[in-house]
Amino acid sequence: MNGTTPVIYAQDLVKEFGPVRALDNLNLNIAPGEVHGYLGPNGAGKSVTMRVLLGLLRPDSGTIRLFGQDPWKDAVELHRRLAYVPGDVELWPNLTGGEVIDMFLRLRSNAGEANFSPKKRDELIERFDLDPRKKTRTYSKGNRQKVALISALAADVDLLLLDEPTAGLDPLMEVVFQEVITEAKTEGKSVLLSSHILAQVEALSDRLSIIRAGHIVESGTLSELRHMTRTTIEVETAQPTTPLHGLSFIHDMHAEGERTVFEVDGDHVGEVMDSLSGLGIRSIVAHPPTLEQLLMRHYGDDLSSRGVSASTTKKVS
Amino acid sequence: MTATVNAPRHAPSPASARQSSLAGMWTLLRFMLRRDRIRTSAWVLAVGLSGFMFATAMTSVYETQEDIEGIATMLGDPVMRMLVGPIFGMDAPTHERVFSAAYVLFIYIPIALFSIFTVVRHTRAEEQSRRAELIRANVVGRHATLTATVLLTTAANLIIAALLYVGVLAAEFGSEGSALIAAGGFVLGMFFTGVAAVTVQLSQSARAASAMAGAVLGLAYLVRMGGDMAEEGGSALSWFSPLAWSQQTAPFVEDRWWPLLISAGFAAVLIWLGFFLSTKRDVEASMFSTRLGRAEAKPSLGTPVGMAGRTLWGGLRGWGVALILTGLMFGSFAQAMMDAADDLPAEMAQMFSGDDIMLGYLAFMGVFIAIFAGAAGVSGLQQLRGEEHQGRAEYAMSAPIGRTTWLGSHLTVLMIGVAVILALAGLGMGLGAAVSLDEDGGEYIGQLLLATVLQIAPVLAIIGIVTTLFGWIPRLANAVGWLLIGFSGFVTTFSGMLDLPDGLIQLSVFSHLAEYPVEDIEWAPVLWLSVIGIIGLVLGLIGWNRREVNRV
C-alpha cells in the first residue's frame with residue numbers, strides 16, 4: 001500500500017431505499033493521516049455512508065474504495081485496519097463494559113497477535129472514567145458510547161470511522177475525546193468524524209465535507225471553505241459608507257449605532273478594504289465566518305422553510 | 001370542596017394521594033388500547049373463537065354415539081389424561097363432555113400465555129426500552145401503568161370468556177357447563193396476570209420476566225400431568241396446579257363453581273403482591289441489585305464462537321433445564337404405563353404403534369421433547385434476528401469477522417446447544433424410566449438417549465428452513481419458524497384425536513421418524529431430514545452473504 005492511495009475514495013455513489021435517495025452522487029476523498037469532519041443535518045446520509053464503508057450496504061452505482069479495496073468484497077481484510085463507533089451504540093446486555101472492550105480487541109487482534117494492548121485499554125478506561133465491571137444494560141447512553149470509543153481507540157488500526165461519537169458525552173469527556181483524537185492523528189491514523197458539535201470539528205478536522213440530502217455540497221479545508229464564503233465586517237468611518245451601497249458582493253448592510261455592519265463575499269474582501277480606507281477608518285473588526293455560518297448557508301433554506309430564521313439561530317454559538 | 005380551598009396547593013390529603021398514584025391511568029389505558037388494537041384484537045378473537053371451532057369440529061368428526069364411545073375409551077387412558085387433563089363423566093360420554101375433557105386445556109394455555117405476554121409487554125418491556133421513563137416524567141402516578149395493564153388484561157380476558165361462552169353455547173352445549181368453561185378461562189387468565197405482575201418486578205429483562213412466568217405455566221402443566229395421569233378425575237397432586245383449578249370444575253358433569261375461587265383468590269393476592277413489590281423498587285430497576293461482573297474478558301470471549309456462546313447461552317440454558325426436567329418427569333411415568341398396558345383399549349394400540357405401550361409412550365413423549373427443542377432453535381434464530389435488528393450484528397461485524405463466520409458461529413453454538421439439550425433430555429427420560437420401573441429399567445437408558453438423539457434430524461430440518469429464510473427473506477423468518485413449531489405441535493397432539501388428513505400430517509417434519517425404540521430405526525428419514533437441514537443452512541449462509549445487513 002503506497003502512501004498516495006486515498007484511505008477513502010467514493011465517486012458518484014448512489015444508494016436508494018425504495019423511493020428515497022439516501023446517497024445522491026456522493027463524492028468523498030480522504031488522504032492517509034487526515035482527520036475528516038463529516039457534517040450534515042439529521043437524515044442527510046451520514047450513517048448510510050458509514051454503513052456502505054463497512055460493507056453492510058451495497059451501493060446501487062458509483063465506485064467506493066477503502067485503502068484501494070472494495071468494502072463489500074474485502075470486508076474482513078479491511079476491517080482489520082479500521083475500527084467503528086456506531087451512532088446509536090447497542091451492546092450485549094449480559095456482558096460488562098470491560099468484556100465488550102476486550103472482546104473487540106481480541107477479535108481484531110486475530111487470535112492473540114501482538115497488537116492487543118491491555119496497557120492502552122487500561123489507560124483509556126481510566127481517562128474516560130468508565131467502570132468496566134458494570135453490565136452494559138445498566139449503562140447510560142454516554143457510557144455505552146465510551147465503551148465503543150475505548151474499544152476503537154485501543155485498537156491498532158489505520159482508520160477510525162466515528163459516527164457522532166460524543167453525542168452522549170459530558171463536556172469533560174468531550175475534552176478527553178479531543179485529546180485522544182489528536183493523539184491518534186499524531187500516530188498517523190485517519191479519521192472520518194461525523195459530528196454535530198461544530199467546535200469539535202473545527203478543533204480536530206484537517207478537512208471537512210458538508211453533506212445534504214445525500215450529496216456533498218462543500219468540501220475542503222476550513223480556510224478554503226471560509227474563503228468561499230462571507231466575512232463579516234463591523235466598521236466605524238469618518239465619512240458615510242454610501243460608496244459601498246448596492247455593490248453586488250456586499251450583503252446585509254445596516255447601521256448599529258456609529259458602526260456599519262455588513263457581510264462581504266470572501267473573494268472581494270481586498271477591494272472592500274481599499275474603499276474603506278479611503279473613508280477614514282476609526283475602528284474596524286473583521287471576522288471570518290464561523291463554521292456555524294457556513295453550515296447555515298447550506299442548511300439555511302431547510303430551516304427557513306420550517307419557519308426558523310437564520311438570524312435567530314446564528315446567535316446560538 | 002371548601003375544605004381544600006385554603007389548603008396549600010401541593011399538600012395532598014391521603015385521599016388525593018391515593019388518587020395521584022393513579023394519575024394519568026385512563027390516558028395510559030387508551031394509549032395501550034391504541035398500541036394494541038391489532039395484536040390484542042387478534043389474540044382475543046383467535047382464542048375466543050377457538051372454543052367454537054373446536055366444538056363444531058369435534059361434533060362433525062365424531063358423528064355417531066359409537067364414535068363418541070370410541071374417543072371416550074381412548075381418553076380413559078393415562079397417557080391421554082397426561083396430555084389433556086382429568087377426565088370426567090366418560091362412563092356416559094356426550095359431545096360436550098368429550099369437548100370439555102379433551103380440548104379445553106388447549107384453549108386455556110393460550111389464555112395464560114396471552115395474559116403473561118400482555119402484562120410483560122406493557123410493564124417491564126416498556127421500562128427496559130426506557131420508554132417508561134418518558135411516560136413517568138409526565139403527570140403519571142406510580143401505579144398508573146400497572147393498573148392500566150391489569151385493567152387491559154382483565155377486559156381482554158373477559159371478552160375472551162364471553163366469546164368462549166357464546167361459541168360453546170352455539171355448538172348447542174349445556175349452558176352452565178359452557179359458563180364454567182368460560183369462567184375457568186377467565187380466572188386462569190387473571191391468575192397468570194398476577195404471576196406476570198410479580199415476575200416483572202423481579203427481573204430487569206423483559207425476556208427473563210416472561211420466562212419466569214412461563215416457567216410457572218410449564219410447572220403447572222407438569223404437575224397437572226403427574227396428578228391427572230395417576231387417576232381419572234385427577235389426584236391430590238393435580239390440586240397443586242393452577243390449571244387444575246379451572247379443569248376441576250368438571251363442566252357438563254358436576255358443574256361445580258368453587259374450585260374457581262382458589263384461582264380468583266391467588267390472582268388477587270398475586271396482583272396485590274405485584275403492586276406492593278413495585279413500590280419497593282426504582283423505575284427500570286429490579287428487586288435485586290445488579291452484581292458487578294468481570295472487568296476483563298476471558299480469552300474465550302474473544303472468538304466469534306465465544307461471542308455467539310455468550311449471546312445464546314441464557315436462552316439455551318433455560319430451554320435445557322426445562323426440557324431435562326420434563327424428560328425426567330416423562331420417564332418416571334414409565335411404570336404407570338406398564339400397569340396401564342394390561343387394560344389397553346384398541347385405539348391406543350393404534351396410536352402408539354406397537355404392543356409395548358410403555359416404550360410407545362416414551363417414543364411419543366420423545367417427539368414432544370423434540371418439538372420443544374425445535375422451539376429452542378427457532379427462539380435462538382429469533383435472537384439472531386434481534387442482534388441484526390438492534391444493530392449489534394453490524395457492530396460485531398465491524399471487527400474483522402466475515403458474514404459466514406458471524407452466522408456460522410452462531411449456528412454452530414445453536415446446533416450444539418440443541419443437540420446437547422436433546423441428548424440430556426433423552427438421558428433424563430431414560431434415568432426417570434430406570435428409577436421408576438420395577439425391573440430391567442436400566443436397559444432403556446441407552447435406547448431413549450438414542451431415540452432423542454435421532455430427533456436431531458427433524459430439529460436440524462426446522463433450523464435449516466428458518467435459516468434459509470433468515471438469509472433471503474428475513475422478515476418472514478420468525479413468523480414461519482413459530483408457525484412450523486405450532487403446526488408440528490398441533491399435528492402431533494391431534495393426529496390421533498381428530499381425523500387429520502394424511503397429507504397434513506406428512507407436512508410436519510416431526511411425523512417422519514420411526515417411533516424408536518418401539519419400532520426399529522429407519523435411517524432413510526433421518527438422512528433426508530438432515531440433508532434438508534444442511535441444505536437449508538448452506539442456502540441461508542449464501543443469502544446472508546449476499547444481502548445487506550439491517551436494511552431498513
Side-chain angles (χ1 to χ4, degrees), chain A residues 15 17 50-58 72 75-112 116 118 121-122 125 131-138 140-141 148 151-152 155 161, chain B residues 127-128 130 203-208 284-286 289-315 383 386-406 409 545-552:
Chain A
K15 179 70 199 170
F17 296 111
M50 295 280 183
R51 301 179 65 224
V52 170
L53 287 171
L54 283 166
L56 297 163
L57 299 178
R58 194 165 16 194
W72 179 272
V76 178
E77 207 178 317
L78 287 171
H79 290 190
R80 281 188 215 294
R81 305 184 60 186
L82 65 82
Y84 167 59
V85 175
D88 201 355
V89 187
E90 284 292 337
L91 301 172
W92 293 261
N94 57 342
L95 299 188
T96 65
E99 282 180 315
V100 172
I101 294 170
D102 278 10
M103 181 173 88
F104 271 92
L105 289 174
R106 289 214 166 92
L107 286 172
R108 240 183 264 289
S109 71
N110 198 12
F116 168 35
R121 158 196 189 277
D122 294 341
I125 287 178
D131 184 347
R133 291 169 305 160
K134 282 192 181 163
K135 301 270 184 193
T136 62
R137 72 159 63 92
T138 66
S140 65
K141 176 174 163 58
S151 67
L161 295 176
Chain B
E127 288 185 57
Q128 196 186 358
R130 308 197 180 198
S203 171
Q204 270 184 297
S205 130
R207 237 162 57 102
E284 287 176 18
S286 73
S289 54
T290 355
R291 280 169 300 147
L292 290 177
R294 305 171 58 91
E296 286 167 33
K298 289 189 219 158
S300 61
L301 185 56
T303 62
V305 170
M307 177 177 74
R310 277 298 280 273
T311 304
L312 296 171
W313 165 245
Q383 249 184 298
E387 288 289 295
E388 183 188 357
H389 224 71
Q390 290 160 25
R392 286 190 290 269
E394 78 177 60
Y395 185 36
M397 286 190 299
S398 76
I401 301 178
R403 301 283 184 90
T404 308
T405 314
W406 184 85
S409 56
N545 269 289
R546 292 172 57 95
R547 80 170 166 92
E548 296 179 314
V549 176
N550 207 10
R551 174 174 177 153
V552 272

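All chains are named by letter (A, B, ...) in the order of the sequence lines, taking the proteins before the strands, and each is independently numbered beginning at 1. No experiment lies behind these values; they were computed from the predicted model shown.
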Toward chain B, the part of A/Leu161 with a non-hydrogen atom under 4.5 Å: neither

Looking at A/Asp131, A/Val100, A/Asn94, which makes the most heavy-atom pairs under 4.5 Å with chain B? A/Asn94

B/Ala295 and A/Arg121: which non-hydrogen atoms are nearest, and at how many Å? O-NH2, 2.6 Å

I'd like to know whether A/Trp72 forms a side chain to side chain contact (heavy atoms under 4.5 Å, CB included) with B/Glu548, so could you lay out the CA-CA distance, the side-chain angles of the two residues, the decisive distance to 0.1 Å, and finally the verdict. CA-CA 10 Å; A/Trp72 179 272; B/Glu548 296 179 314; 4.2 Å; yes

Under 4.5 Å, counting heavy-atom pairs only, tell me which of B/Gln128, B/Glu387, B/Arg310, B/Gln390 racks up the most with chain A. B/Arg310

Looking at chain A, which one of B/Lys298, B/Arg547, B/Arg546 has the largest number of heavy-atom pairs inside 4.5 Å, strictly under? B/Arg546

Under the 3.5 angstrom rule, does the side chain of B/Arg392 hit a backbone N or O of A/Leu91 as a donor-acceptor pair? yes

Do you know the tightest heavy-atom contact between A/Arg80 and B/Pro400? CG-CB, 3.6 Å

Given heavy-atom pairs under 4.5 angstrom as the criterion, report whether the side chain, backbone, both or neither of A/Ile125 touches chain B. neither

Counting heavy-atom pairs under 4.5 angstrom with chain A, the leader among B/Pro299, B/Ala393, B/Ser300 is B/Pro299

Based on non-hydrogen pairs under 4.5 Å, which of A/Glu77, A/His79, A/Arg58 is most in contact with chain B? A/His79

Heavy-atom distances under 4.5 Å only: say whether A/Ala152 touches chain B with side chain, backbone, both or neither. neither

Proximal component of A/Leu54, with respect to chain B [non-hydrogen, under 4.5 Å]: side chain

Identified side chain to side chain contact (heavy atoms under 4.5 Å, CB included) counterpart of A/Leu107 within the set B/Leu301, B/Ile401, B/Thr405: B/Ile401

Let me know if B/Arg403 has heavy atoms under 4.5 Å from chain A in its side chain, its backbone, both or neither. side chain

Does A/Arg51 reach the main-chain N or O of B/Asn550 with its side chain, forming a donor-acceptor pair under 3.5 Å? yes

Taking side chain as C-beta onward, heavy atoms only, is B/Leu292 less than 4.5 Å from A/Lys134? yes

Check each atom of A/Leu78 against the heavy atoms of chain B and say whether the ones under 4.5 Å are side chain, backbone, both or neither. neither

Got a second to check how far A/Leu56's CG is from B/Ser398's OG, nearest 0.5 Å? 8.5 Å

Please work out whether the ring planes of B/Tyr395 and A/Trp92 are parallel, tilted or perpendicular, with thresholds of 30° and 60°. parallel

Atom CE in B/Met307, atom CZ in A/Phe104: separation rounded to 0.5 Å? 7.5 Å

So CZ of A/Arg106 and CD of B/Glu296: to nearest 0.5 Å the spacing works out to 8.0 Å

Bottom line for B/Ala396: the part with an atom under 4.5 Å from chain A's heavy atoms is both

So, A/Thr96 side chain and B/Arg294 main chain: donor-acceptor pair closer than 3.5 Å or not? yes

